[in-house]
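Below is one structure, written out as structure tokens; comments come after it.
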Amino acid sequence: MPRILLRTPRKPTESLAKVKIAVLNVFPDARFHREDDVVEAEASSVERLREQIRNQKIRDTARTVLLRGRATNTIRFGLNKQAAYVGTLSFAAEATPLGDIEVLIETDDVDRLIDDIAESTLKKPGEALR
């Protein structure tokens with residue numbers, strides 16, 4: 001089971017409740033342990049993330065982002081906080097004024113988890129497209 005660490009800045013003009021909703025829209029099992037100028041949480045399920053990637057038909061983009069952010073036992077990427085608040089998944093390409101949701105996923109098998117979250121849409125020899 002992966003361990004998912006979430007962190008995002010909270011500007012003085014932002015509602016804490018709305019920042020938490022943004023996180024919960026992507027990681028509904030998030031447990032918050034810091035809620036001041038920085039909001040931090042921990043989660044263990046990537047199911048909603050996977051659902052949103054499939055529903056929005058962004059598997060190739062998501063897979064590219066996840067592969068780019070992988071290391072030995074971690075995957076690191078950012079999500080646009082405003083998009084997450086309205087229930088849309090948008091990977092952060094560059095810093096936004098309100099800050100992004102920083103996601104760090106720790107797992108024993110990075111490649112398997114990436115395949116689980118955003119499997120390749122490319123056809124392998126002898127395999128039907130998904």
Side-chain angles (χ1 to χ4, degrees):
M1 179 181 307
R3 178 176 180 226
I4 305 160
L5 304 173
L6 308 157
R7 185 175 201 278
T8 187
R10 183 177 71 89
K11 303 294 184 189
T13 57
E14 290 181 294
S15 156
L16 174 60
K18 289 181 178 181
V19 171
K20 289 173 73 172
I21 287 169
V23 171
L24 291 168
N25 279 344
V26 183
F27 299 98
D29 70 331
R31 296 167 312 281
F32 295 89
H33 51 85
R34 182 175 175 190
E35 300 176 0
D36 46 41
D37 60 329
V38 173
V39 175
E40 293 180 344
E42 188 171 329
S44 60
S45 175
V46 295
E47 185 61 32
R48 176 77 56 84
L49 175 67
R50 177 179 43 225
E51 287 173 10
Q52 289 177 317
I53 288 168
R54 288 183 179 151
N55 290 343
Q56 290 179 224
K57 298 179 170 115
I58 57 170
R59 283 188 294 183
D60 292 328
T61 299
R63 187 170 180 83
T64 298
V65 169
L66 296 174
L67 289 170
R68 190 180 316 130
R70 75 178 169 181
T72 305
N73 289 323
T74 62
I75 306 166
R76 182 183 306 269
F77 58 94
L79 296 173
N80 181 284
K81 188 180 355 176
Q82 292 170 305
Y85 175 74
V86 296
T88 300
L89 202 61
S90 177
F91 291 96
E94 49 188 73
T96 57
L98 293 178
D100 299 313
I101 301 170
E102 299 169 21
V103 181
L104 176 67
I105 303 176
E106 298 174 345
T107 182
D108 292 335
D109 191 342
V110 170
D111 292 329
R112 183 171 155 218
L113 185 62
I114 290 172
D115 285 343
D116 186 43
I117 295 170
E119 71 274 12
S120 176
T121 59
L122 299 177
K123 183 180 173 185
K124 296 177 185 171
E127 181 180 70
L129 284 177
R130 295 179 224 190

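Excluded from the calculations below are hydrogen atoms, water molecules and symmetry mates; all remaining heavy atoms, backbone and side chain alike, are included. The residues of the chain are indexed from 1 along the displayed sequence.
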By side chain to side chain donor-acceptor pair (under 3.5 Å), which residues pair with [X], not counting sequence neighbours?
X	result
Asn73	none
Asn55	none
Gln52	none

Asp37 bridged to Arg34 by N-O distance under 4.0 Å: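 Looking at Arg34 together with Asp37, the answer is yes, because their closest N to O distance falls below 4.0 Å.
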Asp36 backbone acceptor or donor facing Arg10 side chain under 3.5 Å: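 Answer holds: yes.
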Whether Thr88 side chain and Ala84 backbone form a donor-acceptor pair below 3.5 Å: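 No, Thr88 side chain to Ala84 backbone: no donor-acceptor pair under 3.5 Å.
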Trace of the salt bridge (Lys or Arg N to Asp or Glu O under 4.0 Å) decision for Arg63 with Asp115: CA-CA 8 Å; Arg63 187 170 180 83; Asp115 285 343; 2.8 Å; yes
Atom CZ of Arg76 with >12 non-hydrogen neighbours under 6.0 angstrom: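 No, not enclosed.
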Note, [X] side chain near [Y] side chain (heavy atom, < 4.5 Å):
X	Y	value
Leu6	Phe32	no
Ile21	Val19	no
Lys81	Lys18	no
Arg48	Glu51	yes

Salt bridge (charged side-chain N to carboxylate O under 4.0 Å, His left out) involving [X] - partner list, sequence neighbours excluded:
X	value
Asp29	none
Arg3	Glu42, Glu106
Glu35	Lys20

Non-hydrogen atoms of Asp100 and Asn80 that approach each other most closely: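 Answer, listing the atom of Asp100 first, then Asn80: OD1-CA, 3.8 Å.
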Residue of the set Val110, Asp109, Ile117 for which side-chain contact (heavy atoms from CB on, under 4.5 Å) holds with Leu113: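 Checked Val110, Asp109, Ile117 against Leu113; only one passes side-chain contact (heavy atoms from CB on, under 4.5 Å): Ile117.
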